[in-house]
Amino acid sequence: MATEITQLTKQLHAEIEQTPERYRPLLLRLVHSFREGIEEDEPWPTAEDSLREGLRDIKAGRVYPIETLWDRVNAE
C-alpha cells in the first residue's frame, strides 16, 4: 500500500511539473477545494479515533520495532 501511495504521489508531482506555471495558482485552488470537499464527506479522524485505531493495531499485532521504521524506505 505504501508503494502505491508513493507512486501516486510521484505521478501527481509529474502532472504538476507539466502544468504551465501560469496555471498553477488555479491548480492549487482546485486541489484545495477538492480536499475541503472530501473533508466534509469524510472528516479527519479525531485524536481519540486515532488512539483507538492504534490500540486495535497493537492488539492485532500490526506493530513493528522502531528500529525497522526506515527499512522499507531505504530499500527503495
Side-chain angles (χ1 to χ4, degrees):
M1 174 96 178
T3 304
E4 290 175 26
I5 293 172
T6 301
Q7 192 59 31
L8 283 172
T9 302
K10 288 179 183 178
Q11 289 173 328
L12 281 167
H13 284 260
E15 289 294 332
I16 292 168
E17 290 300 317
Q18 292 177 17
T19 303
E21 196 71 37
R22 68 181 180 272
Y23 296 122
R24 289 188 186 174
L26 177 59
L27 179 60
L28 177 61
R29 285 181 27 211
L30 287 167
V31 171
H32 181 75
S33 294
F34 174 79
R35 184 185 53 79
E36 285 183 333
I38 61 171
E39 284 177 3
E40 289 174 7
D41 293 339
E42 190 176 320
W44 299 108
T46 64
E48 185 178 350
D49 293 337
S50 295
L51 180 61
R52 281 194 177 109
E53 182 180 358
L55 290 173
R56 279 193 302 272
D57 286 341
I58 290 169
K59 289 177 182 178
R62 292 185 299 257
V63 293
Y64 305 95
I66 191 73
E67 297 81 25
T68 64
L69 180 65
W70 293 103
D71 290 353
R72 291 178 64 193
V73 174
N74 291 333
E76 295 174 3

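Residue numbers start at 1 and run along the sequence shown.
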Legend entry - Connected-component partners of Tyr64 among ILVMFWY, side-chain separation under 4.5 Å: none

Legend entry - Ser50 OG to Leu55 CG distance, which is reported to the nearest 0.5 Å: 11.0 Å

Inset, instruction - List, by chain and number, the other hydrophobic cluster members for Val31, where Ile, Leu, Val, Met, Phe, Trp and Tyr join if side-chain heavy atoms come within less than 4.5 Å, directly or indirectly. - result: Ile16, Leu27

Legend entry - Any pair counted as salt bridge (charged side-chain N to carboxylate O under 4.0 Å, His left out), so long as it reaches residues 27-37, sequence neighbours left out: Arg35-Glu39

Inset, instruction - Applying side-chain hydrogen bond (donor to acceptor under 3.5 Å, both in side chains), name anything that partners Thr68, two or more places apart in sequence or on another chain. - result: none

Inset, instruction - Sequence neighbours left out, what pairs pass side-chain hydrogen bond (donor to acceptor under 3.5 Å, both in side chains) with at least one residue falling in residues 12-21? - result: Glu21-Arg24

Legend entry - salt bridge (charged side-chain N to carboxylate O under 4.0 Å, His left out) pairs, two or more places apart, involving residues 50-61: Glu48-Arg52, Asp57-Arg62

Inset, instruction - Report the distance from atom OG1 of Thr46 to atom CG of Asp49, rounding to the nearest 0.5 Å. - result: 3.0 Å

Inset, instruction - Please name all residues satisfying side chain to side chain contact (heavy atoms under 4.5 Å, CB included) with Pro20, sequence neighbours left out, ordered by chain then number. - result: Arg22, Tyr23

